[in-house]
There are 2 protein chains.
Amino acid sequence: METINSLQNKKVKEWASLQQKKYRDRTGRYLVEGKHLIEEALGAGCVETILYCADQPFAFQHTVCVTEAIMRKLSVNPSGAKYIAVCHTPVFLPKEENRVILLDGVQDPGNLGTIVRTAVSFGFDRICCSNECADLYNEKTIRSTQGALFRIPVERGSLEETIRNLKADGFTVVGTALRDSVAFSDLPEDGRYAFVLGNEGNGITEPVLELCDRKVRIEMDGFESLNVAVAGGIVMYRFRRKA
Amino acid sequence: METINSLQNKKVKEWASLQQKKYRDRTGRYLVEGKHLIEEALGAGCVETILYCADQPFAFQHTVCVTEAIMRKLSVNPSGAKYIAVCHTPVFLPKEENRVILLDGVQDPGNLGTIVRTAVSFGFDRICCSNECADLYNEKTIRSTQGALFRIPVERGSLEETIRNLKADGFTVVGTALRDSVAFSDLPEDGRYAFVLGNEGNGITEPVLELCDRKVRIEMDGFESLNVAVAGGIVMYRFRRKA
């Protein structure tokens, strides 16, 4: 059983650097806090090391006992955490896809995490984030997913290229927009769909909107304002995978 | 034009106390930050005083010019705000109601605010919060409503009593629950409905669930986990007021 007591330990410094996006991007690693989320990460085979400072409840081979001071340094919570897992990004096998979500600049980590959680609950196959989106491995995003991030491929990159590939594969690409759009309930349910959700303040960017095959508007009454995760929930519920 | 320069001014201390729920409850007053939200508050006739520290863009009779230090003291933002309005709770005239949302211990201010925003966008008539819910006049809740809190009556109190009154008025009271429930899409659309949404971690409390006429479950696939504001959005979209 490995034990680390010093805040100056090289591994501790490496783990602490994962609180910053640039080190997560460089190493492909991130920190996961809390028992429920760590169990989900274990189920997906994403855990490399579990750090703990009290009892060690996980049947896992790579564990390190650390001090409370180290936990406080590594946790987003000023009072520390009981368990923190160092994880790598999940790997998914390719499969037939029918439902994809594209996120064009969703910047709030809570919204991004909630959309990932909803997508898994409604059986969506993949999420593609533009480079302007919040980071999936930000602690707040991870927490908002409730562990769903270990169950769905989430890519990051140019949406224009993704849309061209989806169209070549026979997908209908649908943007949510208030103007020049048809009522969401008029969209037929059959077919392979990719839905685009836009930025909290500005919606979908013009170049992405131009590539959409259709634009739909969620029907509202007077005050027309929906949170992007709520809009995503309404869209994904109607187009959910049905048993 | 009134000007206040001292952080020790009695009014400044009174306004600063409104950052705490107990003083908001005692006085029926709260602070609203940001131009868009203040415009919504003005439209609803809820503004008493507008504080500003640069130019004064609002055509309003009760304005006070204050220092940047006072703005930093009153704002939730450490760097201060340009405008802060001191508001009182909105007053609504009684009207015929068909759609009501009941919140049983929704504790996250962002979730509460998002539900209020969604309820207004879908033409719901009233929201009733249990005493365990987050405070509506918390800055984060107000911001998440995007101004919708000025457009819908939001009450606070015992849900049991509210449910009894709604039933006496011919409402069907529907709880969202995973167990012992029927599929949400099987719920008929006609009638007067009150929907109950529960706490983020524990759902609807047993006494409230027992009073529900029906329990519905939003159909999911495998990973059954929805954010409460997303669940509310799905329910309210289907039962929205239609033009």
Side-chain angles (χ1 to χ4, degrees), chain A residues 36-37 40 43-44 98-99 108-125 140 143-152 178 183-185 189 200-201 217-243, chain B residues 36-37 40 43-44 98-99 108-125 140 143-152 178 183-185 189 200-201 217-243:
Chain A
H36 167 70
L37 285 173
E40 289 283 331
N98 285 299
R99 296 284 184 263
D108 180 83
N111 284 339
L112 174 59
T114 301
I115 291 167
V116 172
R117 178 180 176 189
T118 308
V120 172
S121 291
F122 291 139
F124 272 60
D125 301 306
K140 196 176 170 206
R143 190 155 32 90
S144 300
T145 70
Q146 294 274 311
L149 84 158
F150 303 113
R151 296 173 179 242
I152 188 168
L178 286 176
F184 174 61
S185 25
E189 279 185 33
E200 287 85 351
R217 147 188 103 248
I218 293 172
E219 303 94 318
M220 287 177 267
D221 184 84
F223 189 81
E224 296 208 317
S225 173
L226 281 185
N227 167 280
V228 64
V230 170
I234 291 166
V235 167
M236 290 188 264
Y237 173 66
R238 186 164 163 236
F239 286 86
R240 69 191 179 276
R241 183 164 63 209
K242 285 163 191 162
Chain B
H36 167 71
L37 285 173
E40 288 282 331
N98 285 300
R99 296 285 185 260
D108 180 82
N111 284 338
L112 174 58
T114 301
I115 291 168
V116 172
R117 178 180 176 189
T118 308
V120 172
S121 291
F122 291 140
F124 271 61
D125 301 305
K140 196 173 172 210
R143 191 155 32 90
S144 301
T145 70
Q146 295 273 311
L149 83 158
F150 303 113
R151 296 173 180 243
I152 188 170
L178 287 175
F184 173 61
S185 26
E189 278 186 34
E200 288 84 351
R217 146 190 102 247
I218 293 173
E219 303 92 320
M220 287 176 267
D221 185 85
F223 190 81
E224 298 208 315
S225 174
L226 281 185
N227 167 281
V228 63
V230 171
I234 291 166
V235 167
M236 290 188 265
Y237 172 65
R238 184 162 166 238
F239 285 86
R240 70 191 178 275
R241 183 165 62 209
K242 285 163 191 163

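Labels below follow one simple rule: chain letters A, B, ... track the order of the sequence lines, proteins then strands, and each chain is numbered from 1.
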Visitor: Of all heavy-atom pairs between B/E219 and A/R240, which one has the smallest distance, and what is that distance?
Guide: O-CD, 3.4 Å
Visitor: Would you give the length of the straight line joining atom CD1 of A/I234 to atom CZ of B/R238, rounded to the nearest 0.5 angstrom?
Guide: 13.0 Å
Visitor: Could you tell me which portion of A/S185 (side chain, backbone, both or neither) has an atom closer than 4.5 angstrom to a non-hydrogen atom of chain B?
Guide: both
Visitor: Between A/Q146 and chain B, with a heavy-atom cut-off of 4.5 Å, which part of the residue counts as in contact: side chain, backbone, both or neither?
Guide: both
Visitor: Is there a side-chain contact between B/F124 and A/D221 in this structure, where contact means two heavy atoms from C-beta onward sitting under 4.5 Å apart?
Guide: no
Visitor: Below 4.5 Å from any heavy atom of chain B, which atoms of A/A148 appear? Answer side chain, backbone, both or neither.
Guide: both
Visitor: Between A/R241 and chain B, which part of the residue has a heavy atom less than 4.5 Å away: side chain, backbone, both or neither?
Guide: both
Visitor: Mind ranking A/S225, A/G123, A/G232, A/A229 by heavy-atom pairs under 4.5 Å with chain B and telling me who comes out on top?
Guide: A/S225
Visitor: Is there a side-chain contact between B/Y237 and A/M220 in this structure, where contact means two heavy atoms from C-beta onward sitting under 4.5 Å apart?
Guide: no
Visitor: Side chain, backbone, both or neither: which part of B/E200 has a non-hydrogen atom closer than 4.5 Å to chain A?
Guide: neither
Visitor: Quick one: which residues of residues 112-120 of chain B reach chain A at under 4.5 angstrom, heavy atoms only?
Guide: B/T114, B/R117, B/T118, B/V120
Visitor: Are A/F223 and B/I152 side-chain neighbours, meaning at least one heavy-atom pair lies under 4.5 Å?
Guide: no
Visitor: I need the minimum non-hydrogen distance between B/L226 and A/S121, along with the two atoms involved.
Guide: CD2-CB, 4.2 Å
